[in-house]
Amino acid sequence: MSEFGQKLKALRLAKNLKQADLGEMVGISTSAIGMYEQGRRMPDRRTLLRFCRFFDVTESYFQDGEALGKTAAQYTDLDVLLEDIKEFLAGQEAFYAKGERLSKEERIQLGQAFEIAAAVCLKNIK
């Protein structure tokens with residue numbers, strides 16, 4: 001079992017959840033939960049952020065065991081939203097701005113612009 005798998009299983013058991021329960025709550029198949037816990041598969045960043053938000057831990061918790069710093073509730077919603085926006089824009093063949101169809105490269109740049117805008121806004125809030 002991988003370190004990630006051990007930590008995921010410990011968090012799940014601490015909430016008295018079965019793999020199927022956790023999978024349903026975070027939108028992941030039971031078999032994927034099992035593979036993560038056994039170390040046979042590692043989650044992508046989006047899935048990792050779902051776990052962070054659900055268990056209210058940071059990404060670094062899964063990497064170094066520390067549950068310090070910002071909690072998932074403080075930042076993963078924005079991260080997940082930005083990832084969703086970027087994925088949506090990249091996948092839309094017919095996406096228009098000012099009546100002009102955007103190329104894939106332009107849609108990717110637009111997604112990056114959202115990330116930059118969010119970073120600037122957050123910096124100004126602090």
Side-chain angles (χ1 to χ4, degrees):
M1 185 181 299
S2 69
E3 185 176 344
F4 173 84
Q6 291 173 341
K7 291 176 182 179
L8 179 62
K9 185 174 183 177
L11 289 169
R12 176 179 61 79
L13 293 175
K15 288 188 173 256
N16 295 315
L17 297 173
K18 296 178 183 174
Q19 288 179 344
D21 298 330
L22 176 59
E24 186 176 321
M25 292 176 172
V26 296
I28 300 166
S29 71
T30 303
S31 64
I33 300 291
M35 285 191 272
Y36 296 147
E37 289 185 359
Q38 295 168 17
R40 293 177 31 206
R41 190 168 148 192
M42 290 298 291
D44 59 20
R45 183 154 190 273
R46 179 184 224 165
T47 302
L48 177 62
L49 291 173
R50 287 180 186 175
F51 288 133
C52 290
R53 181 175 48 200
F54 181 79
F55 291 115
D56 197 26
V57 297
T58 63
E59 288 178 72
S60 67
Y61 170 79
F62 286 109
Q63 296 165 357
D64 61 22
E66 300 285 326
L68 304 172
K70 288 184 177 178
T71 65
Q74 291 174 306
Y75 71 87
T76 57
D77 287 345
L78 179 58
D79 288 345
V80 171
L81 175 62
L82 289 171
E83 288 298 317
D84 285 347
I85 289 170
K86 287 173 24 183
E87 185 177 304
F88 171 80
L89 290 170
Q92 294 300 308
E93 292 298 320
F95 195 80
Y96 295 84
K98 296 184 180 181
E100 297 288 322
R101 187 176 185 162
L102 298 179
S103 68
K104 183 169 184 162
E105 183 179 313
E106 290 169 326
R107 294 189 314 267
I108 290 170
Q109 289 174 349
L110 184 57
Q112 293 169 340
F114 274 104
E115 281 187 307
I116 293 167
V120 169
C121 288
L122 290 174
K123 185 176 181 181
N124 289 332
I125 290 172
K126 293 178 182 178

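Values below: all heavy atoms of this structure, side chains included; hydrogens, waters and symmetry mates excluded. These figures come from a predicted structure and were not determined experimentally.
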Between E37 and G34, is there a donor-acceptor pair closer than 3.5 Å when you use the side chain of the first and the backbone of the second?
-> no

Atom CD of Q19 and atom OG of S29: how far apart are they, to the nearest 0.5 Å?
-> 10.0 Å

Transitively linked via ILVMFWY side-chain contacts under 4.5 Å: M25 with Y36?
-> yes

Are L102 and I108 connected, step by step, through hydrophobic side chains (Ile, Leu, Val, Met, Phe, Trp, Tyr) whose heavy atoms are closer than 4.5 Å?
-> no

Look at atom CD of Q109 and say whether more than 12 heavy atoms of other residues, nucleotides or ligands are closer to it than 6.0 Å.
-> yes

Would you kindly check if the NZ (Lys) or CZ (Arg) of K15 is within the cone defined by 45 degrees around the ring axis of F55 and under 6.0 Å from the six-membered ring centre?
-> no

K18 NZ: over 12 foreign heavy atoms closer than 6.0 Å = no

Rounded distance [0.5 Å steps], CZ in F51 versus NZ in K7 = 14.5 Å

Side-chain heavy atoms of L110 within contact of E106, under 4.5 Å = no

L48 and P43 have their tightest heavy-atom pair at N-CB, 4.1 Å

Distance, nearest 0.5 Å, that separates OH of Y61 from CG of L11 | 4.0 Å

Distance from R107 atom CZ to Q112 atom CD, nearest 0.5 Å?
-> 13.0 Å

Do you reckon V57 sits in the same ILVMFWY cluster as I28, going by side-chain contacts under 4.5 Å, direct or chained?
-> yes

For the side chain of R12 and the backbone of L17, is there at least one donor-acceptor N/O pair under 3.5 Å apart?
-> yes

Would L8 and M35 show up in the same hydrophobic cluster when neighbours are defined by side-chain heavy atoms closer than 4.5 Å?
-> no

Just by modelled atom types, is the A32 backbone N or O under 3.5 Å from a matching donor or acceptor in the R41 side chain?
-> no

F4, L13: one ILVMFWY side-chain cluster at the under-4.5 Å cut-off?
-> no

